[in-house]
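For reference, the structure is listed below as structure tokens.
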Amino acid sequence: MNDFSETQNSKADLYLHVGMPKTATSLLQKFLFTEHPQVEYLGKFIHGTNEKFPLKSIDSLMKRALGGEAVCSEADFEQLLEHSQAAKLQGKSLILSEELLSVGSLSQQHQAADLFKQYFPDCRIVVVLREPLEYLESLYFQRLKGFNLKHRSYHELKDSFGEPPRYFSINEWLDERWQHPEEPIREHLRYADLLEMYASIFGLDKLHVLHFSQLKSDSESFLIELSRAFEIDEKITINLISDKRVNDRWTQYQIEQLKSIHASPMLSREYQQLSHPKQRKEMLGLKGSESLHASDKATAEISDEWQSKIHRFFESQRNRLGPEWNSVAIQKTPDNHSAPKTGSSKSGTRKKQSPQAFDREKMWKRTRRTGTWEECCLNLASRMSYEWAIVFLRHVFSSRLLQSKFFPESRQRIQTIATWLNQPVDVNKAVSRHLFANECKDWRMLAFGEMSLDRIEKSVTIEGEEILEQYRGQQPGALIVNSHFGAARVVGKIIAEKNFPLTTISVGGRASKLANVEANLLLTKNSSPTQIVRQSIRDLESGRYLYISADGAQGDAGIEIDFLGRKRIFRTGFAQLAIKTGAPAIPIFATVDDRGIVNIQIHEPLDPGLNSQSKSERISHLVTQYARLLESYWIQDPGNIRQDQFEKHLHGYGLTTDTDRGETSLPRAA
């Protein structure tokens with residue numbers, strides 16, 4: 001350890017310990033920060049009180065950081081500055097510890113970090129990470145214990161599980177809380193988002209990351225590293241923490257006691273009549289933090305399905321942290337927690353995604369398949385955050401010089417389309433949109449698959465979301481009618497992230513896999529049309545949203561419609577489902593502009609026609625409306641026409657034309 005003068009000069013304005021929860025934060029707060037002579041501890045925030053804060057300014061600051069409306073005045077700022085300087089003069093580390101800063105929404109975390117940067121520009125951040133399955137198991141037991149002993153503090157669980165005493169399994173808890181609006185548990189596992197956010201605001205050199213597994217396997221080395229992060233004497237730390245424990249997990253005996261009380265109406269009534277937590281502890285076999293009965297620590301068996309989902313989500317975060325992070329990169333899930341292989345579906349049509357069945361690294365390589373310059377651009381983009389990547393690509397794609405030199409085929413294609421449509425276009429902007437829509441489609445979906453909804457929405461605009469919302473919870477549900485146009489692939493990802501109950505009809509589910517969409521898939525490949533139709537009808541009638549592309553080639557029945565001067569066959573599957581179930585058919589289009597921003601437009605439902613009309617007339621009416629809407633998007637925004645769709649259109653794919661006239665002699669659109 002440095003001597004006093006060296007320590008005094010090296011101290012940061014503030015050492016911010018942000019958890020995460022269930023990584024010995026209570027242990028450090030109780031026995032280290034309050035007792036270490038080289039620590040000036042600012043306390044731990046407790047909602048509704050400020051009794052643990054020595055300064056009113058810290059109370060105001062933390063309330064603001066955690067989403068409150070408190071105002072930090074100029075006097076508060078001066079008080080914090082004086083306190084920081086006084087700690088430095090005494091050679092002490094000014095420490096604030098609050099694990100809630102690491103588990104809120106990303107926007108709230110970012111707001112808090114900006115606030116601390118404003119008040120403590122030389123702030124250093126300490127984060128302790130934990131293997132996700134272990135973390136969730138520990139958090140589950142904390143919630144189970146707290147709900148049954150101090151249920152008023154865990155009132156949000158009452159709506160899901162009723163009044164205590166209640167036993168609920170970890171899988172039931174995950175089912176209820178994984179994406180629950182009040183406490184979405186999956187937000188706790190956004191490790192990469194958390195680290196990238198703090199690194200972007202304070203700098204990577206100000207971020208110190210430790211691993212909880214090290215505390216368990218080699219506590220002394222963990223405490224030494226922790227002491228160096230806080231710049232305090234490591235020997236004192238070891239002496240203060242050794243053999244200390246707080247918040248011990250329930251034993252297996254105590255869990256069995258809870259199950260017995262839950263199962264017995266008489267014991268449940270007796271338990272509810274006990275007014276003091278101490279009495280409840282005694283009934284459960286607890287006395288303070290020690291058990292009255294010797295027993296092994298409780299364990300929770302996470303189902304294979306949940307292990308797969310957690311593993312997949314965790315891997316998407318871990319893979320985000322590249323080699324520049326070195327020692328702070330998140331540790332890989334141990335082999336005993338690797339995701340299991342999923343079995344086949346019962347019906348043969350509905351499948352869950354398996355992390356082993358999809359090679360995301362292979363797909364990263366496929367995003368760079370189109371040539372040397374595209375490979376260079378997308379290779380660089382795949383190593384940046386998405387927000388920075390689209391800024392980089394925006395400058396590359398919009399340059400007329402670079403377009404002419406490296407993307408001549410794209411420029412020629414846009415000029416051909418514009419001439420054929422007889423539409424004046426800004427070629428530079430149209431080529432930029434064309435490149436974002438075509439060359440970046442796999443890369444964008446891979447990036448979105450690893451981003452939180454908060455981050456995605458910074459690069460996406462949505463119009464008409466209220467149209468989808470009005471059918472939530474209704475029976476039948478609604479058909480979401482998408483197209484192979486622009487950035488269409490992002491639609492399913494965003495709708496699933498917004499917790500709409502979604503079923504996707506897909507040939508192979510590739511776009512859903514790219515985006516890590518955890519939604520039901522109805523796979524048309526190797527499944528009979530009858531199975532697909534029956535399951536689609538059941539899902540719509542149960543209130544689900546059915547996601548389907550209306551300009552594809554799947555299905556047997558079709559209607560010949562004049563589309564931009566050529567006869568084209570449009571399949572009628574979506575219209576037949578809409579007429580059969582009475583579900584509204586809602587068209588959605590996602591375009592990407594020349595800045596790389598995705599714009600999603602949700603339209604009012606298509607007119608289903610009159611009940612007095614025949615079924616075939618109503619189906620034709622729906623399909624024709626959709627074809628005209630798609631045609632208008634092609635005309636208005638040729639830059640977003642997908643290259644493969646345009647080539648199919650030129651060469652008669654799905655058309656009944658007698659001749660192939662070639663690119664230069666096609667009749668122009670009306």
- Task: Determine, for Glu196 against Arg455, whether the closest basic-nitrogen to carboxylate-oxygen distance falls under 4.0 angstrom.
- Result: yes
- Task: Say whether, by atom type as modelled, one donor and one acceptor occur between the side chain of Tyr135 and the main chain of Pro21 under 3.5 angstrom.
- Result: no
- Asp539 side-chain N/O to Arg544 backbone N/O, donor-acceptor pair under 3.5 Å: no
- Shortest non-hydrogen contact between Glu387 and Ser459, atoms and distance: CG-OG, 4.4 Å
- Task: Compare all side-chain heavy atoms of Leu630 with those of Phe570 and state whether any distance is below 4.5 angstrom.
- Result: yes
- Distance col, row His188:NE2 vs Leu136:CG, nearest 0.5 angstrom, shows 9.0 Å
- Are any of the side-chain nitrogens in Glu469 or Lys498 under 4.0 Å away from the carboxylate oxygens of its partner? no
- Message: For Arg190 and Ser452, which I'm curious about, is there any donor-acceptor pair between the side chains at under 3.5 Å?
- Response: no
- What's the spacing between Ser398 OG and Lys429 NZ if we round to 0.5 Å? 10.0 Å
- Message: Students often mix this up, so state it plainly: with edges at 30° and 60°, are the rings of Tyr626 and Phe589 parallel, tilted or perpendicular?
- Response: parallel
- Donor-acceptor contact below 3.5 Å, side chain Gln118 vs main chain Asp114: no
- Separation between CG (Asp593) and CZ (Arg433), nearest 0.5 Å, reads 8.0 Å
- Side chain proximity check, Pro476 to Ile537, heavy atoms < 4.5 angstrom: no
- Item | Note, Lys309 side chain near Trp178 side chain (heavy atom, < 4.5 Å) | yes
- Message: Is it the case that atom CD in Glu409 sees more than 12 heavy atoms from other parts of the structure closer than 6.0 Å?
- Response: no
- Query: So, the side chain of Gln111 versus the backbone of Ala65: is there a donor-acceptor pair under 3.5 Å, distance only?
  - Reply: no
- Task: Determine whether Leu546 and Phe574 make a side-chain contact, defined as any pair of heavy atoms from C-beta on separated by less than 4.5 Å.
- Result: no
- Message: Quick check on Lys117: does its NZ atom have over 12 non-hydrogen neighbours (other residues, nucleotides or ligands) under 6.0 Å away?
- Response: yes
- Arg628 atom CZ, over 12 foreign heavy atoms within 6.0 Å: yes
- Item | Thr419 side chain vs Gln415 backbone, donor-acceptor pair below 3.5 Å | yes
- Could you state the interatomic distance from CG (Leu502) to CG (Asn499), rounded to the nearest 0.5 Å? 11.0 Å
- Query: Ignoring hydrogens and geometry, is there a side-chain-to-backbone donor-acceptor pair from Ser399 to Val396 under 3.5 Å?
  - Reply: no
- Arg444 NZ/CZ over Tyr386 ring centroid, <6.0 Å and within 45° of normal: no
- Any side-chain heavy atom of His434 sitting closer than 4.5 Å to one from Gln643? yes
- Would you say Leu61 and Phe116 make side-chain contact, with heavy atoms under 4.5 Å? yes
- Task: Hey, could you give me the CD/CD distance between Gln179 and Glu187, rounded to the nearest 0.5 Å?
- Result: 8.0 Å
- Message: For Tyr471 and Tyr545, I'd like to know if the aromatic rings sit close, meaning centre-to-centre distance below 6.0 Å.
- Response: no
- Message: Any heavy-atom pair between the side chains of Ile390 and Arg595 that's under 4.5 Å?
- Response: no
- Item | Side chains of Gln535 and Arg538, donor plus acceptor under 3.5 Å | yes
- Under 3.5 Å, is there a donor-acceptor pair between the side chain of Gln109 and the main chain of Leu194? no
- Message: Assess, by modelled atom type and distance only, whether the side chains of Thr591 and Asn640 contain a donor and an acceptor separated by less than 3.5 Å.
- Response: no
- Query: Between Ile641 and Phe485, is any pair of side-chain heavy atoms under 4.5 Å apart?
  - Reply: yes
- Query: From Thr624 OG1 over to Glu631 CD, what is the distance, rounded to the nearest 0.5 angstrom?
  - Reply: 11.0 Å
- Query: Is Ser102 reaching over with its side chain to a backbone N or O of Met20, donor-acceptor style, under 3.5 angstrom?
  - Reply: no
